[in-house]
Amino acid sequence: MHHLVIDRWSRGSSPLHQRDPRAKLAALLVFLIALSTTPPAAQAAFVAYAILLIVAANLARLPIRGLAGRAALVLPFSATFALLTWWSGDSLRALGLAEKSFLSGMAALLLVGTTPLTGWTAALESWHAPRMLILVIQFVYRYLFVIAEQAQRMRWAALSRRGSRKRSRRVSFQFSAAAGLVGVLFARSWQRADGIYHAMLARGFRGRFVPAAPPPFQTSDALFFSACLAGCLAIRLLL
Amino acid sequence: MHIPDGFLSTPVWGTLDLVSAPAVAWVARRAQRDTQDHRIPLLGVMGAFVFAAQMINFPVGPGTSGHLVGGALLAIVLGPAAASLVMVAILALQALIFQDGGVLALGANVFNMALAGVAAGYLPYRLWEGASRSGAIFAAGAFSVITSACLALGQLMISGVPMAGGVLWASLALFLASALMEGAITVAAVRAIERLNPAWIGGPRPASSRALAAVAMTALVMVVVGTLVASAAPDGIQRLTEQGLAADWSQRTVGGVAGLGLIVALCYLGGKLISRRRSA
């Protein structure tokens with residue numbers, strides 16, 4: 001597993017990358033609320049939302065196809081429910097469900113594709129999200145790939161150790177083998193957490209974290225947010 | 001079940017966001033109070049562990065496998081407040097980075113999985129641990145999954161996502177199956193962890209009484225049942241009383257089970273196809 005594509009995207013230097021994370025987060029919320037309250041009959045509005053997102057992605061110099069591909073991860077869930085809705089005779093609403101979930105996913109990706117994790121967590125913190133939650137989010141993200149890689153290696157190792165004898169093919173045997181993997185993964189994670197704490201102490205951790213001061217909110221950030229607000233309102237109210 | 005954006009009606013996601021925000025603040029304060037310094041990295045690493053443990057497949061039958069969901073395991077290891085907080089962090093990351101669940105629907109997903117789901121995974125363990133340890137852990141896993149799933153289903157139905165009779169029963173059957181699976185996996189995982197070091201399981205013992213836990217458990221069950229009944233009420237109950245319960249019920253059940261069988265068969269075939277292509 002390689003480092004996440006989104007991490008690479010978020011380190012760009014486009015005009016959108018340089019905007020204050022608070023402005024981008026607020027713009028995301030405005031967009032999502034406008035999108036979520038748009039009635040499914042207003043199909044023109046959905047096209048306009050999509051155009052807005054494409055313009056933003058161009059501004060951010062992010063690959064549209066990559067964004068769409070990642071946003072398509074919501075489709076298995078939403079397509080199932082869209083099919084059910086279509087089945088019960090409401091085809092317009094079905095289309096709306098799929099469009100809304102897909103466009104929402106695109107918009108969220110645009111935020112994290114142009115803002116590093118530390119940026120949007122700092123924005124959340126400046127809006128008084130609990131400090132403890134921010135810390136846990138940062139730790140989870142930091143160690144997500146480390147531990148997932150470990151799990152992957154352990155899975156491969158277990159698969160290659162597993163013989164073709166009859167005993168090892170029994171479901172109950174495989175089940176307890178998987179439980180053993182989870183147990184060992186847990187043990188290694190626990191030990192890693194201890195190691196992390198010792199490393200923090202070695203670097204002078206004194207029992208509290210000192211958040212970095214957020215950069216000033218500039219006029220360009222306010223302009224960016226106003227433009228997003230105006231665009232969303234115009235689409236929502238006019239189309 | 002992570003609800004994406006666009007599925008919940010505005011009153012539903014709005015209310016749940018408004019409910020979840022102060023609840024998360026409260027949970028964070030409690031977790032901060034109960035957690036010593038050296039356990040702060042542990043919370044984060046345990047979140048990453050749950051993410052990673054979901055990659056490990058547990059075979060449960062021919063061609064089907066499940067994986068750990070982890071809410072109950074976290075609650076048993078870390079205690080309810082810290083486990084809720086870790087789940088909130090996981091859900092926030094899933095919503096923003098992995099497109100699993102919506103941003104506006106985050107309040108709903110947090111309510112279903114991080115608040116109600118973790119509570120439903122902690123209370124049976126706390127209440128019945130003395131009577132039968134394995135039974136309590138099994139109930140914790142199963143109850144946690146079924147609570148989250150039923151709440152999500154109820155919220156979708158209140159929002160007006162139509163569920164034809166057969167689909168509703170099929171999804172309830174599916175939830176029950178995955179709940180039993182989560183129970184079995186949680187028991188196996190806890191046993192495996194305890195074999196390595198019994199001190200890891202157990203976590204901080206809260207001071208609150210068992211009576212309070214029992215009341216909380218009853219309240220939780222009522223919330224889940226109430227959500228389902230309320231969401232089914234507008235037409236479901238009316239139709240049932242109009243058409244006679246038995247005939248309708250059996251018809252729906254047959255439809256549901258048939259649909260479920262079809263889904264399982266399709267997944268099985270798809271899995272075969274993919275694994276053959278991988279190994280080729």
Side-chain angles (χ1 to χ4, degrees), chain A residues 6 28 32-33 35-37 70-71 73-74 77-78 81 84-85 87-88 90 97 100-101 104-105 108-109 111-112 130 132-133 135-144 146-148 150-152 155 171 174-176 178-187 189-190 192-193 196-197 200 207, chain B residues 2 4-7 10 13 24-25 28-29 31-32 35 37-38 40-49 51-53 55-61 68 85-86 88-90 92-93 95-100 102-104 156 161-164 167 184-185 188-189 191-193 195-197 200:
Chain A
I6 289 173
L28 173 70
L32 289 178
I33 291 172
L35 180 64
S36 145
T37 55
R70 295 191 145 259
L73 286 178
V74 299
F77 181 95
S78 53
F81 281 95
L84 290 178
T85 312
W87 202 10
S88 70
D90 201 346
L97 282 182
K100 279 183 186 180
S101 55
S104 304
L109 275 173
L111 170 77
V112 290
M132 189 78 176
L133 176 63
L135 276 179
V136 175
I137 290 181
Q138 286 168 345
F139 269 115
V140 173
Y141 188 72
R142 169 67 184 79
Y143 290 99
L144 187 57
V146 178
I147 296 188
Q150 196 161 33
Q152 185 71 44
R155 218 163 59 97
V171 164
Q174 287 181 24
F175 193 88
S176 54
L181 278 189
V182 170
V184 174
L185 189 66
F186 183 93
S189 309
W190 191 287
R192 191 181 290 278
I196 294 165
Y197 182 67
M200 280 160 59
Chain B
H2 294 64
D5 276 335
F7 276 77
T10 313
W13 66 251
V24 169
R29 205 148 359 110
Q32 189 150 27
T35 311
D37 276 352
H38 73 275
I40 293 176
L42 182 68
L43 298 195
V45 173
M46 280 296 124
F49 158 76
F51 251 108
M55 294 164 52
I56 295 173
N57 284 322
F58 282 76
V60 283
L68 182 75
L85 194 68
V86 171
V88 175
I90 292 177
L93 283 171
L96 279 170
I97 293 181
F98 297 96
Q99 307 311 305
D100 205 359
V103 174
L104 293 180
L156 286 173
V161 175
M163 304 269 172
V167 178
I185 292 174
R191 288 258 172 267
I193 293 167
R195 259 205 305 280
L196 294 168
N197 184 350
W200 283 333

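Quick note on labels: first sequence line is chain A, next is B, and so on, each numbered from 1.
Distance CD/A:Q152 to CE/B:M55: 4.0 Å, rounded to 0.5 Å. Rounding to the nearest 0.5 Å gives a distance of 9.5 Å between CG of A:L97 and CG of B:L156. Here the CG atom belonging to A:L133 is positioned 11.0 Å from the CG atom belonging to B:L43, to the nearest 0.5 angstrom. Within the model, atoms OG of A:S36 and CZ of B:F7 stand 12.0 Å from one another, a figure rounded to the nearest 0.5 Å. Here the CG atom belonging to A:L35 is positioned 8.5 Å from the CG atom belonging to B:L104, to the nearest 0.5 angstrom. Expressed to the nearest 0.5 Å, how far CE of B:M46 lies from CH2 of A:W190 amounts to 6.0 Å.
Partners of A:R155 under the salt bridge (Lys or Arg N to Asp or Glu O under 4.0 Å) rule, at least two apart in sequence or in another chain, do not exist in this structure. Contacts of A:S189 classified as side chain to side chain donor-acceptor pair (under 3.5 Å), with partners at least two apart in sequence or in another chain: none.
Contact of A:L135 with chain B is made through the side chain alone, with heavy-atom distances under 4.5 Å. Heavy atoms of B:N197 lying under 4.5 Å from chain A are absent altogether. Proximity to chain B (any heavy atom under 4.5 Å) is shown, for A:V136, by both the backbone and the side chain. For B:N57, the parts lying near chain A are the backbone and the side chain together; criterion is any non-hydrogen pair under 4.5 Å. Using a 4.5 Å cut-off between heavy atoms, B:I185 contacts chain A through both its backbone and its side chain. Both the backbone and the side chain of A:S101 come within less than 4.5 Å of a heavy atom in chain B. Contacts of B:L196 with chain A are made by side-chain atoms alone, with heavy-atom separations under 4.5 Å and no backbone atom involved. Of the two parts of A:L111, only the side chain, counted from C-beta on, holds a non-hydrogen atom closer than 4.5 Å to a non-hydrogen atom of chain B. Heavy-atom distances place both the backbone and the side chain of A:I33 under 4.5 Å from chain B.
Between chain A and the options B:A92, B:A189, B:P4, the largest number of non-hydrogen pairs under 4.5 Å is found for B:P4. Considering only heavy-atom pairs separated by less than 4.5 Å from chain B, the leading option among A:D90, A:L181, A:L109, A:L84 is A:L109. The greatest number of non-hydrogen atom pairs below 4.5 Å with chain B, out of A:A151, A:S78, A:A178, A:G183, is found for A:A178. Of the listed residues B:I97, B:V161, B:T10, B:V86, the one with more heavy-atom pairs under 4.5 angstrom with chain A than any other is B:I97. Options B:A188, B:A53, B:A48 differ in how many heavy-atom pairs under 4.5 Å they form with chain A, and the most are formed by B:A48. Ranking B:A52, B:A192, B:P59 against chain A, the residue ahead of the rest is B:P59, based on heavy-atom pairs under 4.5 Å. The candidate from B:H2, B:R29, B:R195, B:R191 with the greatest count of non-hydrogen atom pairs under 4.5 Å with chain A is B:H2. Per-residue counts of heavy-atom pairs under 4.5 Å with chain B were compared for A:A187, A:S88, A:A71; the largest is that of A:A187.
For the pair B:G44 and A:V140, the tightest heavy-atom approach, listed with the atom from each and the gap, is O-CG2, 3.4 Å.
With contacts defined as side-chain heavy-atom distances shorter than 4.5 Å, the pair B:I40/A:Y197 does not qualify. The shortest distance between side-chain heavy atoms of A:F77 and B:D100 does not fall below 4.5 Å. Looking only at side-chain heavy atoms (C-beta outward), A:M132 and B:T35 come within less than 4.5 Å of each other. The closest side-chain heavy-atom distance from B:W13 to A:L32 is not below 4.5 Å. Side-chain contact between A:L73 and B:F98 is absent, with no heavy atoms from C-beta onward closer than 4.5 Å.
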